[in-house]
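The structure under discussion appears below in the form of structure tokens.
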Amino acid sequence: MPELAEVDFFRRRWDPGVGQIILAVEAHGGKRIFRGIAPGVFHRQLTGAKLLGSESRGKQMLFRFSRNVWLGVHLGMTGEMRVERADFPGGNHDHLLLRQRTRTLVFADARLFGRIRFDVGAALPSWWTRLPPPLDSAEFTVEALAAFLQRRSRSPLKGVLLDQSRFPGVGNWMADEILWRARLSPSARGAQVDARAAKLLWKEIRFVCAGAMRIVSKDYSDPPKSWLFPHRWAKGGRCPRDGVLLGRATIGGRTTAWCPQCQPD
DNA sequence: GGAGTTGTTTAGGA
DNA sequence: TTCCTAAACAACTC
């Protein structure tokens with residue numbers, strides 16, 4: 001279920017292991033998760049390395065180790081990170097276990113849509129430096145947003161917001177939340193967003209990203225009832241603004257909830 | 001048992 | 001070329 005803030009929440013779950021050596025590496029099954037990685041090098045380089053720190057960008061995570069070792073994690077649809085005791089045997093979907101003296105850092109993923117990346121080098125890995133600018137950075141401007149909406153003039157806005165090359169970290173619930181706040185129909189096309197609407201959309205993208213990071217990433221709390229979030233999957237869910245029954249349909253390839261009253265086509 | 005799932009990639013059509 | 005859609009990936013829950 002991980003989007004921007006959920007990803008950061010899971011990233012920090014490995015924080016207790018910072019400063020500690022990896023004594024052993026266990027990668028179980030799920031070859032798909034480790035695609036592109038040579039198993040021998042992976043085990044050899046990571047074993048004995050010390051976890052130094054981590055950061056997240058959008059839905060991507062980077063873990064920095066001593067010996068110029070870098071580990072990337074993407075959670076896919078069902079990935080998660082945990083910490084278990086040192087002798088934890090590993091469960092069915094626990095694909096990566098990093099053993100430390102007093103704990104085990106675990107990456108689990110039931111559906112195998114996640115991905116582990118790996119690199120050794122003095123410089124940041126290219127798969128990290130090539131990531132798009134974060135939405136809370138100065139590079140994400142109203143002008144850039146408007147230009148992109150024109151380029152994607154025929155796409156439904158829901159699909160546009162899910163484009164990770166432009167809106168890193170935005171997933172299904174955040175896209176619905178943003179469009180609901182900006183009072184834009186998820187099925188409206190990019191070309192229908194005029195300058196004034198683009199400015200509001202930009203503002204709500206910033207708001208939802210910042211709010212999610214503040215509320216969700218701290219302890220995985222749900223956003224409050226004043227947000228669309230708690231209402232969007234509820235049976236008979238209603239718009240927290242006007243009480244109108246929410247619409248639900250597949251838009252841009254994803255199940256979408258919106259308020260027909262305040263987000264008219 | 002069938003449908004649906006908060007993600008990404010790819011093939012193929014427009 | 002560029003853009004857009006649908007399917008595939010895989011396993012669990014309701």
Side-chain angles (χ1 to χ4, degrees), chain A residues 1-11 28-36 56-61 72-81 91-95 107-117 127-128 130-132 135 147-181 186-193 205 208-209 211-213 215-217 219-224 227-237 246-258:
Chain A
M1 314 190 265
E3 301 180 22
L4 182 78
E6 291 89 344
V7 167
D8 201 57
F9 169 81
F10 282 123
R11 173 185 68 81
H28 298 293
K31 276 202 190 94
R32 188 188 150 76
I33 297 218
F34 296 93
R35 57 195 180 275
S56 64
R57 276 183 80 161
K59 297 175 188 171
Q60 309 286 335
M61 284 173 265
V73 180
H74 187 277
L75 297 172
M77 195 89 98
T78 50
E80 62 167 39
M81 338 272 294
N92 222 6
H93 303 302
D94 297 335
H95 303 296
F107 166 77
D109 182 12
R111 288 176 73 178
L112 306 184
F113 290 174
R115 181 168 192 176
I116 299 289
R117 292 181 190 268
W127 42 257
W128 185 259
R130 277 200 305 258
L131 292 176
L135 297 176
F148 187 62
L149 288 168
Q150 287 317 302
R151 182 137 79 81
R152 300 287 302 272
S153 61
R154 296 171 58 96
S155 293
L157 295 178
K158 176 62 181 275
V160 174
L161 284 179
L162 291 174
D163 186 335
Q164 295 302 294
S165 70
R166 286 292 169 156
F167 306 102
V170 173
N172 207 14
W173 82 254
M174 289 179 71
D176 283 2
E177 189 75 44
I178 289 164
L179 291 170
W180 174 73
R181 287 180 178 275
S187 54
R189 310 282 147 162
Q192 293 173 244
V193 181
I205 290 170
V208 170
C209 287
M213 289 302 283
I215 298 162
V216 181
S217 78
D219 56 5
Y220 223 94
S221 298
D222 282 347
W227 287 40
L228 180 65
F229 181 94
H231 310 277
R232 58 191 289 279
W233 293 144
K235 209 177 165 100
L246 297 174
R248 192 183 298 188
T250 298
I251 301 170
R254 304 299 299 279
T255 305
T256 300
W258 77 99

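These values consider heavy atoms only, across backbone and side chains, with no hydrogens, waters or symmetry-generated copies. So that the names make sense, note that chain A is the first sequence line, chain B the second, and so on, each numbered from 1.
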What is the separation between atom [atom1] on [X] and atom [atom2] on [N], rounded to the nearest whole Å?
X      : N     : atom1 : atom2 : value
A:F9   : B:dT6 : CZ    : C1'   : 15 Å
A:M174 : B:dG7 : CE    : C1'   : 14 Å
A:F229 : B:dT6 : CZ    : C1'   : 8 Å

Sequence-aligned protein contact record of nucleotides 9-14 of chain B, with B where the base is within under 4.0 Å of a protein heavy atom and S where only the sugar-phosphate is: ------
Start and end of the DNA chain C segment that chain A contacts, any atom under 4.0 Å from a heavy atom: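 Listed 5' to 3', the contact boundaries are C:dC3 to C:dC12.
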Closest-nucleotide 5' rank along DNA chain B - winner of A:R111 and A:H74: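 Whichever sits nearer the 5' end wins; that is A:R111.
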Side-chain donor/acceptor of A:E3 to backbone N/O of A:V170, under 3.5 Å: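 No; zero donor-acceptor contacts below 3.5 Å.
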A:Q192 side chain vs A:R189 backbone, donor-acceptor pair below 3.5 Å: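 Between the backbone of A:R189 and the side chain of A:Q192 there is a qualifying donor-acceptor contact (under 3.5 Å).
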Phosphate contact (B:dT6 OP1 or OP2) by A:K59 side-chain N/O below 4.0 Å: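 Result: no.
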Residue-level proximity of residues 155-165 of chain A to DNA chain C when a heavy atom falls under 4.0 Å: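 Result for residues 155-165 of chain A: A:S155, A:P156, sorted by number.
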Ring geometry between A:W173 and A:W227 (parallel below 30°, tilted from 30 to 60°, perpendicular above 60°):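 Taking A:W173 first and then A:W227, their aromatic rings sit tilted (interplane angle of 30° to 60°).
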A:A175 to A:L161 - nearest heavy-atom pair and separation: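 It is O-CD1, 3.9 Å.
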